[in-house]
Amino acid sequence: MSLISLVFLFLLRLEFASAFFSWHSFLYEFGLLGAHPTTPFHSFSIASPEVNLLRWDPRCEDGYVLLSPRGRFYPEPGPLIYDNRGNLVWVEKDYGMIMDLNVQQYRDQDYLTFWVGKDDGTRGLGSYYMLNSSYNVAHVVSPANGLHGDVHDFKITDEGTALMTVYDLVETDLTPAGKSGNGWIYEGIFQEVDIETGELIFQWSAGDYYNLDDSYFDIGEKGYAPHQAGAYDYYHINSVEKRADGSYLVSSRYMHSVTCISATGEVLWVLGGKRNMFKDLSDDGSATGFTWQHDARWHSDRIVTLLDNGANEHEKTADHTRGLMIELDFNNWTARTLHVYHSPGHFSSHSQGNMQVLPRTGNVFIGWGKPSAYTEFSTDGAEVLCDAHYGPSMFFWFGWIKSYRAQKANWVGKPSWPPSIAVNAEKSSHAVYVSWNGATEISGWLLQQTTNRASKDFATLGYEPKKGFETRFELAPDTIVDGYFYRVAAVDYKGEELGYTRVFAISDITSPSLTNAEPDGDGFQQLLIAACIAGALLAAAWKYKRQVMGTYAYCRRFIWGVMDRYRYRSHRSYRK
Ligand SMILES: *[C@@H]1O[C@H](CO)[C@@H](O)[C@H](O)[C@H]1NC(C)=O
Ligand SMILES: *[C@@H]1O[C@H](CO)[C@@H](O)[C@H](O)[C@H]1NC(C)=O
């Protein structure tokens, strides 16, 4: 295996000796750095999932990227924030698996919001957390009437209420789905609840309007048991939001529809699916023909955006996943696709994902869900401005590292814990590593000195600008004197000191110890990589001049294709 890799790398070197090419990026995307490449730190115990920034443009909107990574090769899930360049800002493992990390406003303050609970594969059983700027839990919100909060959406309204999705197990007549007698389904519900009191303000159930035979999701063998594996999820609600006129916008993945519901619970209109009310004016029929979509949002009075997945775990209905901006005309009942945002390289996201129109630039930001990628487009979709992967694209199909959604937002984090420091004896010097998980306001670090460990009176010796998550600087041998005590202070752009590391002396300086990167990879992954490398070797030998990136793209497509065929074939035989 390693011999093959060496030969392969040697061939690559011949091909690309002079071309502009990033080795690291290539190895990352190919999966040769592992399924989950990480950046370890000296001062902080959690290694950061490494971001491969494939494209960056200053026109990309300022803001942080919020993810909730999880998956087979992300064994300790939790919330994660990156800056615009893919540097770690905040990571936390204390909440276990979370979904839908976002910044939302409640009573004029920003909160980090996310779902916490148990995910049973279809729905979530949990509640919604709201953290204030010091990362303390300020509110925990749950649905009313003893129901469980589901993963798919939690949206704070301008009135200080919260919308949330609920999947409720109910018994019903399965005849419309082609089965006989009564059985079990997941009812698609959303609630509006007062955040302060928990009082129920409004509730809507899909079953009040939709029938089982409006669904595109095959009931298969399901419907006869009151639990996750047995119940029929016919609607699959996955987003809800409220407009100033009091109406609600709901997305149903399994009905391929977006429904607008009045403040009193009547259905005002349906876009897409079997009950579509709009004439589609777009050439490709995408304005009403989207399938298995996520995240339907109002962009303006007449414009709705959504992520058209065009695939689910068993079925592919479009070539690739794309974002859509759709204009609705309520006089003529027509719908027209204004802009399309194609996944770079045209991959499919079989599940999850979201689309956001950014407030200042109008750029469109898409989290691709199952593929570990997020992309920022120009408003018209013609240009990919920024494109980042937080796991190798070779393994997109598998969802080994995925995030239900990715959001871009502003956030001010002022952690209640202090900055961290490691001071290491390195070859010829003493190196200081400082970081502060979650702190967004740091511009740099001050090295400070005192004569007494208990003293509060420190003198500043030097300044070091912040570089990424962890800043390294060296202690000159004559700066640091035995018998004195030292600390590092974080300072903001105005020079105000925000927090201090622990105090250390020369006698505390230890040998370096890096965060242990988690071991990853297993037999299956090794096999895939080996097979691909062997294929690439053959291809390179066969066509010596062929561009290696071409081989790589071919390999990636090959893997995705084989897996598609494998999955869909096995599903078809299951249905027989
Ligand atoms: C956040 O919440 C904690 C706990 O309630 C509180 O002590 C802290 O002052 C709050 N921070 C902010 C910035 O409101
Ligand atoms: C909608 O109908 C109005 C009035 O009938 C017409 O003037 C307008 O051109 C129509 N708009 C579109 C986009 O067809």
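Order of listing sets the numbers, starting from 1, for every ligand and every atom in it. Numbers here are sequence positions counted from 1. Just so it is clear, the values below take in all heavy atoms, side chains as well, and ignore hydrogens, waters and symmetry mates.
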Exercise. Sort out the contact shell of ligand 1: every protein residue with a heavy-atom distance below 4.0 Å, listed by chain and number.
Key: Asn132, Ser133, Ser134, Asn136

Practice problem: Specify whether Tyr111 and His139 have parallel, tilted or perpendicular ring planes, treating 30° as the upper limit for parallel and 60° as the lower limit for perpendicular. | Solution: perpendicular

Quiz prompt | Atom pair CG/CD1 of Asp153 and Ile237 - distance to nearest 0.5 Å | solution = 8.5 Å

Quiz prompt | Atom pair OG (Ser349) and CG (Asn309), whose distance is rounded to the nearest 0.5 Å | solution = 5.0 Å

Exercise. Calculate, to the nearest 0.5 Å, the distance between atoms CD1 and NE2 belonging to Ile366 and His294 respectively.
Key: 13.0 Å

Quiz item: Are any of the side-chain nitrogens in Asp308 or Arg322 under 4.0 Å away from the carboxylate oxygens of its partner?
Solution: yes

Exercise. Using a strict cut-off of less than 4.0 Å between a Lys/Arg side-chain nitrogen and an Asp/Glu carboxylate oxygen, indicate whether Lys242 and Glu159 qualify as a salt bridge.
Key: yes

